[in-house]
Amino acid sequence: MLSRNRSAPRRIAARGTAMAAMAAVMAVITGLAAAPAVHASPSAEGALRWAPCDDPEKPGAECATLSVPVDWNHPDGPGTDLAVARRKATDPGARVGSMVFGPGGPGDSGVAMVVGRIGRFSPEVRRRFDIVGFDPRGVGGSNPVTCSGALLAERPSPELRSQADFDATMAYNRRLRADCRARTGPVFDHLDTSQTVRDVDALRAALGERQLTFHGSSYGTLLGAQYAETYPRRVRAMVLESVMDHSVRTTRHFLRSEAATAEDSFQEFVKWCDGAADCALHGRDVRAVWQGLLGRAGRGELADPAKPGAPLSSADLVNKTAFRSFYQADYAGLAKAIAGMEASGPLPASPTSVAPLPAATPVFCSDWHLPVRDYREYASLVAEMNTTAPDLPYLLPIHMAAACLGAPTANPQHRLDVRGAPPILLSNALHDPATGHPWAVSVARQLGRSGVLLTYEGHGHGSVTSGPCMEEAVDSYLTDLTVPPPSTHCPAVPF
């Protein structure tokens with residue numbers, strides 16, 4: 001679900017596509033909007049003007065911009081530009097078409113993925129498809145959300161202790177939203193996924209594709225699922241990897257489910273270390289060592305390995321050290337890091353700062369209605385999370401809930417209503433630390449006859465290239481539309 005924020009390339013070539021191109025794409029979109037079936041796509045020549053991306057160290061990618069309305073409910077109003085990148089199929093004679101990648105986060109850059117991390121996709125997918133990534137509105141090269149650095153640095157800790165703290169957080173959130181809105185412009189109030197769904201359909205039309213082939217990862221699965229809900233007959237093939245369940249309606253249910261899936265990964269780490277002779281903590285009480293580090297971090301006495309002399313906060317210990325390792329299923333690296341921090345000398349006790357949340361937080365807030373009435377309810381939610389995940393206090397989801405207090409929600413949670421879509425392949429690890437397997441099961445059920453769940457019996461956030469079983473199943477689906485049998489499981493790849 002909530003992946004690490006990655007910086008996008010700041011300079012994108014070929015940014016000169018303007019309102020005439022947008023008008024051409026708009027004609028395609030508005031002409032199809034009410035159609036129950038997909039018709040032959042009109043030519044979108046000129047809508048995307050490709051040129052080499054401005055990154056000489058990673059040649060081969062092409063970049064462009066796509067102009068779209070700020071608000072699709074008022075398509076004749078102001079426009080905004082989306083940064084787009086592609087790498088052409090390595091075997092043009094076997095090319096199937098374009099595959100659009102929906103990045104995670106929110107806040108990840110699809111342009112950066114295509115330009116710098118194309119190895120994230122399998123060789124067969126790279127051979128058969130032009131892989132196209134984009135920066136969602138408000139992110140990277142697509143009118144990024146901009147806020148005062150000084151104000152971001154004042155963000156209050158999510159460890160609220162009183163109603164006064166709760167009120168102060170609400171007031172701070174109002175100030176921050178006003179500041180970000182003023183600096184970002186009108187797109188700030190139109191960052192929700194329902195708007196991005198329309199952006200993706202504009203991109204499909206600009207690419208000249210009659211139907212969409214899509215791979216959404218983590219937060220990008222919310223985008224893919226809502227695209228299928230909005231334009232079911234425009235879907236050719238869709239992979240939803242590490243699946244978010246946007247039907248989780250209550251704040252308590254959302255936070256409890258996120259805590260449970262993170263704690264599952266911690267338990268898997270302990271289990272692995274108990275049985276792995278090469279674990280740096282093998283033969284020791286891993287939980288006791290970890291709790292000792294949490295205590296030192298809470299007192300400001302734990303040194304940050306990445307910043308000599310600076311303290312590592314308990315939030316960063318949980319979210320940047322443990323959680324990041326769970327994402328990558330890097331249990332050996334986590335054990336080594338814990339052992340190193342335990343052996344480090346204590347720092348003099350000092351307060352630890354709270355790092356600002358990424359500017360893409362408004363995207364999350366616009367998609368998730370997570371109300372909290374007052375401090376008493378907030379404290380109850382924190383207590384329930386800490387009971388559910390006793391090894392991982394103040395996980396990132398409670399930070400997000402605190403950051404969204406008082407924020408308006410344009411695209412609140414709902415159950416999917418997808419009618420007429422072809423088979424959609426959902427891919428999820430059994431032990432995913434952020435988007436738990438139960439979420440994937442739930443979304444597959446909501447998709448009904450269209451939902452096909454492929455389970456990786458291993459660990460980590462992301463699974464489509466986790467071993468030959470997973471890779472071959474996903475590749476066959478994307479290239480030949482061959483759907484694996486329902487409830488297919490693929491074995492875990494050994495660490």
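The chain is numbered in sequence order, starting from 1.
- Using a 4.5 Å heavy-atom threshold, the side chains of V270 and D391 count as separate.
- The two atoms that bring S194 and N411 nearest to each other are N-ND2, 3.9 Å, heavy atoms only.
- In this structure, F121 has its ring center no closer than 6.0 Å to that of F129.
- Contact annotation: the side chain of V84 approaches that of V132 to within less than 4.5 Å [non-hydrogen atoms, C-beta and beyond].
- At least one donor-acceptor pair under 3.5 Å links the side chain of T221 to the backbone N or O of M244.
- A donor-acceptor distance shorter than 3.5 angstrom exists from the side chain of T251 to the backbone of P371, with no hydrogens or angles considered.
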M99 and H215: CA distance, side-chain angles, deciding distance, side chain to side chain contact (heavy atoms under 4.5 Å, CB included) verdict: CA-CA 7 Å; M99 185 187 79; H215 172 186; 3.9 Å; yes
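- Side chains of M341 and T321 form a contact here, defined as non-hydrogen atoms less than 4.5 Å apart.
- At least one donor-acceptor pair under 3.5 Å links the side chain of T146 to the backbone N or O of P144.
- A distance-only check finds no donor-acceptor pair linking the side chain of Y394 to the backbone of N319 [under 3.5 Å].
- Between P491 and E457, the shortest heavy-atom contact is CA-OE1, 3.8 Å.
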Set out, in order, the CA-CA distance, both residues' side-chain angles and the distance that settles side chain to side chain contact (heavy atoms under 4.5 Å, CB included) for R445 and L453, then state yes or no. CA-CA 9 Å; R445 287 173 178 163; L453 178 58; over 6 Å; no
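- Here CD1 of I424 is found 11.0 Å from OH of Y227. Values are rounded to the nearest 0.5 Å.
- Here the closest non-hydrogen pair linking E377 and R373 is OE1-N, 2.6 Å.
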R234 vs L212, test: side chain to side chain contact (heavy atoms under 4.5 Å, CB included). Steps then yes/no. CA-CA 6 Å; R234 297 183 196 175; L212 177 72; 5.6 Å; no
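- A side chain to side chain contact (heavy atoms under 4.5 Å, CB included) with E229 holds for exactly one of H414, R419, Q446, R415; it is H414.
- Between F266 and W290, the ring-plane angle classifies as tilted under the 30° and 60° cut-offs.
- Although no hydrogens or angles enter the test, the distance criterion places no donor-acceptor pair under 3.5 Å between the side chain of D135 and the main chain of A83.
- Here R137 contributes atom CZ and D199 contributes atom CG; the two are 4.0 Å apart, rounded to the nearest 0.5 Å.
- The minimum heavy-atom distance between P103 and S109, with the atom names listed, is CB-C, 4.2 Å.
- Under the 3.5 Å distance criterion, the side-chain polar atoms of D432 are left unmatched by any main-chain donor or acceptor of N428.
- Between V363 and P136, every side-chain heavy-atom pair lies at or beyond the 4.5 Å cut-off.
- Around the CZ atom of R236, the shell of radius 6.0 Å holds more than 12 heavy atoms that belong to other residues, nucleotides or ligands.
- When side chains are defined from C-beta on, L425 counts as touching P484, because their heavy atoms get closer than 4.5 Å.
- What you find for E263 and A389 is that their closest heavy atoms are OE1-CA, 3.3 Å.
- Residues S142 and F134 are not in side-chain contact: their nearest non-hydrogen atoms beyond the backbone lie 4.5 Å or more apart.
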Candidate pair L176 and C147, rule side chain to side chain contact (heavy atoms under 4.5 Å, CB included), full reasoning: CA-CA 7 Å; L176 183 62; C147 311; 4.2 Å; yes
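- One distance of note links CG of L293 with OG of S344; it measures 8.0 Å at 0.5 Å rounding.
- Below 30°, between 30° and 60°, or above 60°: for H459 and H431 the angle between ring planes is below 30°, a parallel geometry.
- At distances below 3.5 Å, not a single donor-acceptor pair connects side-chain atoms of Y378 with backbone N or O atoms of Q163.
- Contact check for Q413 versus H253: no side-chain heavy atoms found under the 4.5 Å cut-off.
- Sorted by first and then second residue, the pairs that involve residues 243-301 and meet disulfide bond (SG atoms under 2.5 Å apart), not counting sequence neighbours, are C273-C279.
- From S314, atom OG reaches atom CG of L392 across 11.5 Å, with rounding to the nearest 0.5 Å.
- Here the side chain of R252 pairs no donor or acceptor atom with the backbone of E384 at under 3.5 angstrom.
- No donor-acceptor pair closer than 3.5 Å links the side chain of D189 to the backbone N or O of R181.
- One finds the OG1 atom of T213 at 11.5 Å from the CZ atom of R128 (value rounded to the nearest 0.5 Å).
- The distance from atom CE of M470 to atom CD of E241, rounded to the nearest 0.5 Å, is 7.5 Å.
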Set out, in order, the CA-CA distance, both residues' side-chain angles and the distance that settles salt bridge (Lys or Arg N to Asp or Glu O under 4.0 Å) for R198 and D201, then state yes or no. CA-CA 5 Å; R198 305 288 294 273; D201 202 52; over 6 Å; no
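- H461 has its side chain out of reach of R324: every pair of non-hydrogen atoms, C-beta onward, lies at least 4.5 Å apart.
- Classification of the F364-Y219 ring pair by plane angle, with boundaries at 30° and 60°, yields tilted.
- A donor-acceptor pair under 3.5 Å links the side-chain atoms of S242 to the main chain of G462, judged by distance alone.
- Ring geometry, F323 versus F326: the interplanar angle exceeds 60°, so the pair is classed perpendicular (tilted spans 30 to 60°).
- Residues T193 and D367 approach most closely at OG1-OD2, 2.6 Å, considering heavy atoms.
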